[in-house]
Amino acid sequence: MMNRSLLLKLLSAFIVFGTWEIAGRIPVSYAFPTFIESMKALFDMTVDGRLFAAYGETLKPLVIGVIISAIVGIAVGLWSGLNEWFDWLFSPIFIVMQAAPLAALIPLLVMIYGIGLTSKIFVVCIMAMPVIVLNTAGAVRNTPSSLTEMGRSFQASNWEVILKIIIPAASPVIFSGLRLGVSAGFIGAILSELKITPTGVGDIITYSRSIADYASMYAAIFSIIVLAVLFLNVLEKIERFLFEGNNRGYASD
Amino acid sequence: MKIFGIRLPRMSSLILWGLLWEIIGRIEFSFFVPPLSAVFATLFEIIGTAAFQKAMYETSYAFISGVFFAIVIGIPTGIIMGKNRLIDELLLPWVNIFLSAPLTALVPVLMVLFGFGMKSIIITTTLFAIWIIILNARAGVMQINRSLIEMAHSFGASSWEAFSKIYFWAALPEILGGVRIGVIRAVKGVIIGQLLISIVGFGALFELYSANFLMKHFWAVLIVLFALAFTISEVLAYLERRVSYYAAKR
Amino acid sequence: MAMPQTNALSEESPSTADIAVSARNVSKNYDNVEALKDLSLEFPRGQLTSLLGPSGCGKTTLLKIIAGLLEPSAGTVHVNGQAVTGPGPDRAFVFQDFALLPWASVIRNVAFGLELRGVATSEREAIAEKYINDVGLSGFEKSYPHELSGGMRQRVGLARALSVDADVLLMDEPFSAVDEQTRRKFQEDLLSLVANENKTFIFVTHSIEEAVYVSDQIAILLPRPSRVSDIIRPTGLREKDLTTIRRDPEYLDIVDEIWTSLKTYVE
Amino acid sequence: MAMPQTNALSEESPSTADIAVSARNVSKNYDNVEALKDLSLEFPRGQLTSLLGPSGCGKTTLLKIIAGLLEPSAGTVHVNGQAVTGPGPDRAFVFQDFALLPWASVIRNVAFGLELRGVATSEREAIAEKYINDVGLSGFEKSYPHELSGGMRQRVGLARALSVDADVLLMDEPFSAVDEQTRRKFQEDLLSLVANENKTFIFVTHSIEEAVYVSDQIAILLPRPSRVSDIIRPTGLREKDLTTIRRDPEYLDIVDEIWTSLKTYVE
Amino acid sequence: DKIRIALAETPSDELAAFFVALDRAKANGLDYEWTAFSDEELAIQAVLSGQMDIGFGTPYSAMQRSKAPLRIIFQLSKLKFFPVTNKKYSKLEDLAGEPILLHSRGGGTDSIANVIEDKMGFKFGKRSYVPGSSNRVVALIAGQADATIIDLSNKNKVVRQQGDKFNVLPMFDVEASDEALFANLDWIQSNEEDVQIFVNALLSTWQDMNEDPTIISKETNPDGPIGQLPKEILDELDGFYTDAIAGGLYDANGGGRKGAQADMEWYSQAGQLEGDPASLNVEDFWYMAPLDAAMAK
Ligand SMILES: Nc1ncnc2c1ncn2[C@@H]1O[C@H](COP(=O)(O)OP(=O)(O)OP(=O)(O)O)[C@@H](O)[C@H]1O
Ligand SMILES: Nc1ncnc2c1ncn2[C@@H]1O[C@H](COP(=O)(O)OP(=O)(O)OP(=O)(O)O)[C@@H](O)[C@H]1O
Ligand SMILES: [Mg+2]
Ligand SMILES: [Mg+2]
């Protein structure tokens, strides 16, 4: 079974990369390199260390931003899931934030927070936080009441109810919020490198493009997607590790 | 939320925040935050201009088409993935990758593949919205009560009947949830597309106003967008609540 | 015919009666679970046969094979002399978990089987109306399933299966969700259905009392992999007075006998 | 004491026995639903009291009020002479829907009550182990709830309530999900628990037979708004032989009597 | 068919003259549509992949690297940029080793910085990049940067509004192109007629504008993309073009051979063209025929 799914994964990867290679060979555009060219550029970048230097820059706002968003987001989400007043006051802000196209705000942020790390972290946070907050709050509100009642019938304190029942019960939805949040954070980090100051991977993308080195540009894009996927896999592993029993597999099996 | 026995409407706290904004604007805390009332005045001024209406048209056109494709392609794809294990295993990794990949990084690739005009913006919008719609439709189908399907079969339903009379409806709460998140992401997508691909629509207005430091104009357009996104998302949330009565009982 | 026939009759009585459904040497394996193994059983027309056996022994599996919803790994099922290859209009299923469409009203749910058979709206609603009335739900046509109590929902599923007017009714624990009081009423309704219509009922239950009370024939299944261990025909009971049957020594004997035969499987 | 005492005894016998739990003039309104109305009932220590009544009549509501999970709109509940203001260590609840933590293994679920009471890991796991064994689940300690069948899940909830060693056990349809065979075993286990430990059991069921079989006292509730319509004490049965009790005329009399009294409520 | 023009920025005051020229060309029968891209590189990419016909920018490195035969046909504006610093610095040499804020890596301001380093014989400190002159002005005013290089109109704004706080450092003259119009050679040759109309209109506008900068605001179509800009921007149009003409931003001859030669030298010096400037063939980068024909009229 394991082999079959691995095989299918490889097969679908082969189809997609093969299509890319063919499209690059036609070529569909002067600005579209082949898969092999891009991978070679990626290899060169990795070997000469440019890629690591670039990620050193990119990951800083991303990781800081995501950590802040996760901690603050979950805390605020818990609070507004538990407290009606807090929810009334603050959740509209996050709904507005979630719905709002914050990309448009970036120029403003630059003006207020400058071109440094701060405004990039800020961009990551405003992209990542709303979905984390809203998912957490929703999940907390939807905790099955029979579980909290059960806890209370065994005299759990409020903190115990939160830590031992509400958070684990809400964890699948919290984690899916984190997933969407991290992915939005990645979008924010790249956006800020494309729109605020080109550093890190954003710089490789824009600079390669400006000198028409499209293979390097695609290599950089490829690497960031790989990184995002790895990041999310790690998150999934953490979730599996923490709340094993929540994983119930295919409903059909 | 209840206060002194009066039920406060869900979003009424926004009024409070608007007041706070007005005060911050009035005390001239920062050049970047003009008073809300001034922003609204500007809003009424520009809302009639041809430039604004053109931007509105271009943005809604891209947005509506993008969302349309995301829904029309996303829902059936998700349903098929939920039904068919082979297709699911082939597609799921990619759906997950695109859901989590920073799509902004992909935008340059899209431009090359699909051109630089409206088409790419629409595709960007679709790409922002479609993955979560697929995943949710898939999740909706996967949690369908097997016996509903067996019931339909036992009464001799054809595949199309099973699709239109069972799968779609049974997955509807999840589908609507996915569409709501997808639509919200699409608003982001359309603006990001307009900023990164070709500068048209509201993206162009933002660019212009911020480059020239026309803060009132800037906020006015932003408020229009907030309001649009907010309304759409609340309408969908309302629909979702309409069907959620059976969500817990399937 | 006063004595219950407890054994060995499985070979004789079906041959005398008209057989509506017969399962021959049916086996069914799920990936690595052997659910049914070489099971043979015949269901006489116009009678009610109960399947009784420990949880997970394969009762639902057998029912679904008869319905044509599952394919057996080996063996065949014949309904009215025809080999089963898929669902057909001659069989209707009452699902253990009701399988109601939560987004549809009671009347649409009851008419759903007819809808799928292409019956026109007005006609199928008239038929549905009649069966809604029969199961005692008139007045609730416009209600949605979530507005009904468990017992009422089960009756909707029952009405739906009855409305398509199939020869064979496959009922998977049809009274499991109703409270004892309502259940008793249903059992009585079921008995009058069996008496008045020439339909064949296949009935799964966990309750020995219920099986003895409503059945013409009870098949006792072994734990997985399941075969028929015993067939009991409480025929003598059918002529007795319903209000006193529960204290009838014959009835109690059969219950006890089944109980002893099942008891060995309980851990 | 050979005859079942069917009525009027509610006033006498509790005064002679030691009362563990008493509900006095309890009413409960949900927004616009009147669930309980001026209900009074006493539960003697060391005995099992069953609540029997139509679906939706307020049995769960009453249990939750006793548990301190709900506040009555009027009236008070006393447990061991103390007015109930909230949940306490003297009461344990077996939930109708099991209320298991889906992310926790069987042993963690069973030990969860003890965990909340601050018992050290090794000690509470030893205790949980014992009760898992008692309910026949040994070997499943590391499984998760979704890997268990309905009946097994219910037993986990049972083991959890037993493990905290509370004086009063509140059991809301604790055997509803298990098949008849397992259910009978549990009933017998329950009887030996009642006989051997000086605990007070409050037991909700839909099955008249079950109630008569396991109870010292049966309270029959009216449909909503609920009050006690009748209290039946099948005391004479307790001394009889378990294997034959089901054909005992006394037993059957009581079942019939309750049945007649409930029948009026069935639509 | 319509010719497709790829702008490198959204229509604003700086593009007013270009749109005036487009209107003139339209009157002469040119059918066109335009798309605004967020930066020059995208416009280049769009022309490279054939999705656009004519682009904005100075695609010298793309010309050398890619296999596509891109040619410049008209110089729109010159690289008139100005080092602006706070009072700490008063001449270019003071910036040795100091951090500086530029537009983008490989862009025009970057090339200016390269040439400054080259000519003055020093190196700047850390270069950071903020796209948009106005954003760099904000950074400067907010004290997030001490030195930057900005365009003419923003320089004038700073001088007018905060002249007491900032210095404009004196710098050598630059004749090279900042923005030019370019297209694929094959396309130019197969659309000779359209290109000619276009270049004629551009040249006439550029010449008229050098005579009288206010013709831009006069000729601007009130229903066109420029006419639709907020009043706050339109009011400054005359001022902008008067300053620009005075500052020599717009060459009345559309660059031509002189401009091309300046580009060769400049971009080689800036490191964006490889090879000795003398050995570079202007014909590989510019297509002079339409401009020559327009000049001949
Ligand atoms: N889809 C499936 N995949 C794998 N095993 C299955 C599947 N469906 C049923 N089984 C197994 O087959 C056996 C028989 O299942 P079935 O549902 O027929 O039991 P049952 O007799 O109806 O039980 P119950 O009384 O609990 O309804 C069970 O042990 C079950 O674990
Ligand atoms: N949270 C609630 N809000 C409003 N009404 C409620 C609520 N909980 C219960 N009720 C109502 O109160 C009545 C009693 O409910 P309860 O759950 O106590 O019944 P029950 O006797 O336990 O029924 P069952 O036999 O179905 O378990 C029901 O009519 C129900 O509709
Ligand atoms: Mg079954
Ligand atoms: Mg209840």
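Reminder, nothing fancy here: chain letters follow the sequence lines and each chain counts from 1. On a predicted model such as this, the values are computed, not experimentally measured, just so you know.
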Inset, instruction - Kindly write out the residues that satisfy ring-ring contact (aromatic ring centres under 6.0 Å, His included) with Phe90(A), not counting sequence neighbours, or none if the list is empty. - result: Phe86(A), Trp17(B)
Inset, instruction - Show your working on side chain to side chain contact (heavy atoms under 4.5 Å, CB included) between Asp203(A) and Arg105(E) and close with a plain yes or no. - result: CA-CA 8 Å; Asp203(A) 177 54; Arg105(E) 193 141 73 100; 2.5 Å; yes
Inset, instruction - Would you give the length of the straight line joining atom CG of Leu48(E) to atom OH of Tyr214(A), rounded to the nearest 0.5 angstrom? - result: 5.0 Å
Legend entry - Stepwise side chain to side chain contact (heavy atoms under 4.5 Å, CB included) check, Met217(A) with Gln45(E): CA-CA 12 Å; Met217(A) 171 182 153; Gln45(E) 219 181 320; 4.2 Å; yes
Legend entry - Residues, nucleotides or ligands: over 12 heavy atoms within 6.0 Å of Lys231(E) NZ: no
Legend entry - Residue Ile141(E) versus chain A: region with a heavy atom under 4.5 Å: neither
Inset, instruction - Provide the full list of side-chain hydrogen bond (donor to acceptor under 3.5 Å, both in side chains) pairs with a residue in residues 120-131 of chain A, sequence neighbours left out, each pair given once. - result: Lys120(A)-Thr197(A), Lys120(A)-Thr199(A)
Inset, instruction - For Phe17(A), look at atom CZ and say whether over 12 heavy atoms of other residues, nucleotides or ligands are found less than 6.0 Å away. - result: yes
